[in-house]
Amino acid sequence: VQSCFYYYDANGVKQPGQYTTVGLWDDDTSSDDDYLGNAFSDVNGCFEIGPVDNTDDEGGTLDIYLKFVTSSSRRTVEATNNVVYDWQSSTHNDVPSGTYDYPDQEISNTNVNQGAMWIFQTMRDAWEYLNAFNDPGSATVEWPDDSGDGSFYQVGEDVHIETGDEDVPDIVVHELGHNYMWNIYGE
């Protein structure tokens with residue numbers, strides 16, 4: 001399976017979903033869906049997953065869908081209930097064998113959770129910059145945090161971004177900076 005993934009930034013401009021985790025799933029009606037594999041999108045938001053056995057345990061060929069997740073080994077964006085944000089494509093039933101060109105996917109610019117992708121991409125930018133000098137480690141952002149405390153870093157834990165700050169990269173990077181300093185230098 002090959003495709004590309006896009007989102008709309010805070011200015012409404014379509015951007016590639018760079019280095020986003022993409023999962024491939026088989027949609028089953030008689031049991032839990034089957035996980036088939038994953039990949040990371042590249043700098044252009046494109047990815048390829050496979051090869052996979054195109055035999056469906058319910059008969060015929062696979063009924064596939066894609067899941068795009070704001071989590072990787074170095075960065076995660078999750079809701080305050082610790083659930084990672086994801087977006088799921090429509091299911092394509094009985095796909096043919098061979099390379100399957102899944103239509104390009106995008107997060108609608110009206111999706112209420114698009115801010116999670118804005119934060120995820122800002123985290124990627126910050127990590128890539130710092131990693132050129134020293135591996136800053138990993139970070140988790142909880143969004144939206146509507147505790148009334150503003151955006152902040154909870155020492156030794158997570159970055160919290162309040163509603164309205166998801167589209168302000170300076171705030172996200174500032175709070176990430178505290179997290180990365182803690183990772184590198186500790187107390």
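Computed from a prediction, not measured in an experiment: that's the story for all the values here. No hydrogens, no waters, no symmetry mates; every other heavy atom, side chains included, goes into these values.
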Donor-acceptor contact below 3.5 Å, side chain Asp56 vs main chain Gly60 | no
Is a side-chain N or O of Gln121 found less than 3.5 angstrom from the main chain of Gln18, in a donor-acceptor match?
-> yes
Does any non-hydrogen side-chain atom of Trp25 lie less than 4.5 Å from one of Asp34?
-> no
How about Tyr19 and Ser41: does a side-chain donor come under 3.5 Å of a side-chain acceptor?
-> no
Donor-acceptor pair between Thr21 and Asn38 side chains, under 3.5 angstrom | no
Between Glu58 and Ser30, do the side chains contain an N or O donor and an N or O acceptor separated by less than 3.5 Å?
-> yes
Judged by modelled atom types alone, do Thr163 and Asp146 share a side-chain donor-acceptor pair under 3.5 Å?
-> yes
For the side chain of Asp165 and the backbone of Val168, is there at least one donor-acceptor N/O pair under 3.5 Å apart?
-> no
Would you kindly check if the NZ (Lys) or CZ (Arg) of Lys67 is within the cone defined by 45 degrees around the ring axis of Trp87 and under 6.0 Å from the six-membered ring centre?
-> no
Within the distance-only criterion (no hydrogens, no angle test), does the side chain of Tyr153 pair as donor or acceptor with the backbone N or O of Gly156 below 3.5 angstrom?
-> yes
Is the His178 to Phe152 ring centre distance short of 6.0 Å?
-> no
Are the aromatic rings of Phe5 and Phe68 close, with centres under 6.0 Å apart?
-> yes
Assess the side chains of Tyr65 and Asp33: does a donor N or O sit below 3.5 Å from an acceptor N or O?
-> yes
Any chance OH of Tyr129 has more than 12 other-residue heavy atoms, nucleotides or ligands included, within less than 6.0 Å?
-> no
Please indicate whether Asp32 has more than 12 foreign heavy atoms, meaning atoms of other residues, nucleotides or ligands, lying under 6.0 Å from its CG.
-> no
In terms of side-chain heavy atoms, does Glu106 have a donor or acceptor partner in Tyr8 at a distance below 3.5 Å?
-> yes
Between Trp143 and Tyr85, is the gap from one ring center to the other below 6.0 Å?
-> yes
Residue pair Tyr100 / His92, side-chain donor-acceptor N/O under 3.5 Å = yes
Any chance the side chains of Asn109 and Gln114 put a donor and an acceptor closer than 3.5 Å?
-> no
Donor + acceptor pair across side chains of Asn54, Ser97 (<3.5 Å) | yes
